[in-house]
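To start, the structure itself, in structure tokens.
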There are 2 protein chains.
Amino acid sequence: MLDPISRVRRFNRAVTSAVGALDTSFLGRGRPLGAARVLNAIGHGRSDVADIRDYLGLDSGLMSRLLRSLEEEALVETEAHHDDARRRVATLTRSGRREFAAYEALSNAQAEGFLAQHSQREALLAAMDLIASTLTRERIALDEMDPRSAEARHCLGEYYAELGRRFSQGFDVSRSRDPDAKDMRRPRGTFIVAMSDTLPIGCVGLKGTDHGYAEVKRLWVAPSARGLRLGRRLMEAVEDAARDLGITLLRLDTNSALPEAGQLYRSTGWREIPRFNDDPYPDLFFEKRL
Amino acid sequence: MLDPISRVRRFNRAVTSAVGALDTSFLGRGRPLGAARVLNAIGHGRSDVADIRDYLGLDSGLMSRLLRSLEEEALVETEAHHDDARRRVATLTRSGRREFAAYEALSNAQAEGFLAQHSQREALLAAMDLIASTLTRERIALDEMDPRSAEARHCLGEYYAELGRRFSQGFDVSRSRDPDAKDMRRPRGTFIVAMSDTLPIGCVGLKGTDHGYAEVKRLWVAPSARGLRLGRRLMEAVEDAARDLGITLLRLDTNSALPEAGQLYRSTGWREIPRFNDDPYPDLFFEKRL
DNA sequence: CAATATCTCTGACTATAGTCAGATATCATG
DNA sequence: CATGATATCTGACTATAGTCAGAGATATTG
């Protein structure tokens with residue numbers, strides 16, 4: 001009754017029936033689920049027909065018919081792709097947007113209803129994040145992004161906040177050697193964000209210097225994504241990027257208040273070296289030759 | 001991207017596709033999902049046809065046909081109910097049990113595969129428990145049970161373990177006035193267990209005494225079920241049971257190291273009174289007139 | 001014991017999802 | 001510009017799930 005497998009299966013049962021309830025509420029709008037799914041995919045910004053088909057895993061014949069039924073309802077319009085007339089592009093009409101908004105309202109109401117069940121909202125959300133990250137683990141994409149992008153800035157903000165909580169003396173970015181964004185852009189360096197669906201859940205930066213090495217900076221993994229070995233994946237990705245940029249020597253600094261980081265570096269071929277900068281926060285320094 | 005609603009919806013998407021994957025693996029056994037569900041319901045001990053139909057929400061015509069198809073496969077046998085020949089009772093044949101075991105193996109493998117994604121198994125399981133309890137909140141049943149039943153003993157074990165963690169001096173049941181099980185059975189008292197599906201997730205005892213009052217004892221809610229206001233529901237149930245037994249005065253003791261308990265009592269009509277026993281653990285005493 | 005209720009079953013039907021083989025239009029390439 | 005590749009569409013088909021009206025057997029009740 002309490003073994004791990006039973007607990008997972010209890011979770012499966014609970015969640016299956018909740019998912020079914022949402023489908024039922026969608027059916028309440030008088031449209032088969034297939035058509036509703038296509039409408040929602042378009043509403044969420046997918047316009048290329050092949051893309052929608054791929055996303056929803058539909059056969060091209062079925063997809064075509066679903067689109068036709070949405071067109072008959074005057075919810076969707078299709079036109080040829082502007083530079084490949086074989087492809088079709090779907091957009092919502094005015095009433096299509098209204099109908100999409102109604103589905104969104106149903107989804108949002110269901111989500112709110114769920115949150116309202118619990119008096120400790122944040123704990124519930126953290127549990128959901130943890131499970132969502134675990135389930136989508138194999139679909140987490142590591143994308144190179146501009147360090148000034150919204151996704152990167154989100155990660156950096158969380159990273160600084162966490163340092164502030166974990167360092168006994170707090171953390172003030174301005175006292176640290178804030179890496180200039182341009183040093184973390186190709187060709188000097190790069191910045192990699194781990195994306196789970198549209199949610200940034202981790203990052204790492206590679207900062208070019210003029211001293212014969214590049215620095216790995218800002219390695220961070222969202223609390224909900226810890227335990228998924230994402231730190232390791234990010235480090236592998238940043239090392240690959242460095243190799244790609246022709247960099248042969250990497251350095252990084254960290255703090256012994258972050259033991260899981262030191263642990264990771266030591267177990268992946270990094271060698272501890274003496275202090276190589278005068279940043280006030282780090283007390284541990286590593287180097288790796290590629 | 002990070003507002004609560006989006007987080008819930010990200011969770012929904014992740015979980016929907018995981019559920020779909022399990023369905024697909026079930027289809028791999030060459031049988032439609034409807035038939036597989038009936039087979040599994042029987043395998044899990046549901047034998048009464050009406051009960052299965054009700055559990056799976058099936059129309060009687062559809063149910064009948066699904067049973068027929070399982071009979072044709074020689075996986076299921078049906079016979080008349082022994083004291084109502086209108087009802088039918090389904091049982092698995094030898095090969096039905098084999099096939100059921102194969103489905104169980106698929107479910108278990110999926111559950112194990114999920115757990116294997118994460119290096120902090122217990123955190124993942126705790127998150128799943130929390131969500132499963134929240135989703136099934138409205139189906140949590142409060143059942144009167146024997147305090148010696150497996151369910152009750154499970155709850156009590158967890159309760160004592162938690163007291164041990166929360167009291168600075170630890171907790172040793174034998175030093176406390178261990179309430180005799182017979183005082184927590186009708187007609188002297190009762191014992192109520194909160195069941196989520198087959199999982200006990202909370203309890204409370206009503207212990208009859210010969211001093212003109214009854215005591216509320218052993219109020220416990222599983223960590224995964226906290227925040228669902230289950231403590232409140234258990235207290236209401238135990239007060240109802242006391243009224244039902246003609247009891248007019250209730251007392252209880254607790255400890256200030258359990259602030260959420262004291263909070264609950266104060267907000268539900270309990271009045272603090274002076275110490276009324278010599279148990280070494282409690283330091284707060286309450287009374288409520290029904 | 002007749003009337004009524006309950007349980008299961010059968011036949012006839014619909015809706016949805018999905019498959020598959022071409023047909024058609026367009027694009028890319030030598 | 002012929003050829004093959006690609007994207008979409010149509011028609012014809014199947015499987016599954018589900019609905020509904022009644023039939024037949026059995027149980028319950030006044």
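These values consider heavy atoms only, across backbone and side chains, with no hydrogens, waters or symmetry-generated copies. Chain letters run A, B, ... following the sequence lines, proteins first, then strands; residues in each count from 1.
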Roughly, in whole Å, what's the span from [atom1] in [X] to [atom2] in [N]?
X     : N      : atom1 : atom2 : answer
B:M63 : C:dT10 : CE    : P     : 13 Å
B:H81 : D:dA25 : NE2   : P     : 21 Å
B:I52 : C:dC7  : CD1   : P     : 15 Å
B:L66 : C:dT8  : CG    : C1'   : 14 Å
A:D54 : D:dA7  : CG    : C1'   : 13 Å
B:L70 : C:dT8  : CG    : C1'   : 16 Å
A:L62 : C:dA15 : CG    : C1'   : 13 Å
B:R37 : D:dA17 : CZ    : C1'   : 10 Å

Any idea which of [options] is nearest the [X] side chain?
X     : options                : answer
A:R88 : C:dG18, C:dT10, D:dT8  : D:dT8
B:D59 : C:dT19, C:dT10, D:dT19 : D:dT19
A:R65 : C:dG11, D:dC20, D:dT10 : D:dT10

Backbone of [Y] reached by a side-chain donor or acceptor of [X] within 3.5 Å:
X      : Y      : result
B:D84  : B:R86  : yes
B:R233 : B:I140 : yes
B:S69  : B:L66  : yes
A:R137 : A:L228 : yes

### Message
Here's one to test your reading of the geometry: is the NZ or CZ of A:R46 within 45 degrees of the ring axis of A:Y55 and under 6.0 Å from its centre?
### Response
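Pair A:R46/A:Y55 counts as cation-pi.
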### Task
List the steps, then state whether side chain to side chain donor-acceptor pair (under 3.5 Å) holds for A:S133 with A:S196.
CA-CA 7 Å; A:S133 296; A:S196 171; 5.0 Å; no
### Query
Does some side-chain heavy atom of B:D48 sit less than 4.5 Å from a side-chain heavy atom of B:R87?
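Yes. Closest side-chain heavy atoms under 4.5 Å.
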### Over 12 non-hydrogen atoms of neighbours within 6.0 angstrom of CZ in B:R148
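Counting neighbours around CZ of B:R148, 12 or fewer heavy atoms of other residues, nucleotides or ligands fall under 6.0 Å, so no.
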### Query
What residues, two or more places apart in sequence or in another chain, satisfy salt bridge (charged side-chain N to carboxylate O under 4.0 Å, His left out) together with A:E104?
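So A:E104 forms a salt bridge (charged side-chain N to carboxylate O under 4.0 Å, His left out) with B:R9.
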### Message
Regarding B:R53, tell me which of base, sugar-phosphate or nothing describes its non-hydrogen contacts under 4.0 Å with the strands shown.
### Response
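Contact class for B:R53: sugar-phosphate only.
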### Proximity to DNA chain D (any heavy atom under 4.0 Å), residues of residues 14-34 of chain A only
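Nucleic-acid contacts, sorted: none.
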#### Entry: N or O in side chain of A:R68 less than 4.0 angstrom from D:dT8 OP1/OP2
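False: A:R68 side-chain N/O out of range (4.0 Å or more) of D:dT8 OP1/OP2.
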So which protein nitrogen or oxygen atoms get under 3.5 Å of nucleotides 27-30 of chain D's nitrogens or oxygens?
{"unit_1": "D:dA27", "atom_1": "OP1", "unit_2": "B:A85", "atom_2": "N", "d": "2.9"}
{"unit_1": "D:dA27", "atom_1": "O4'", "unit_2": "B:R86", "atom_2": "NE", "d": "3.3"}

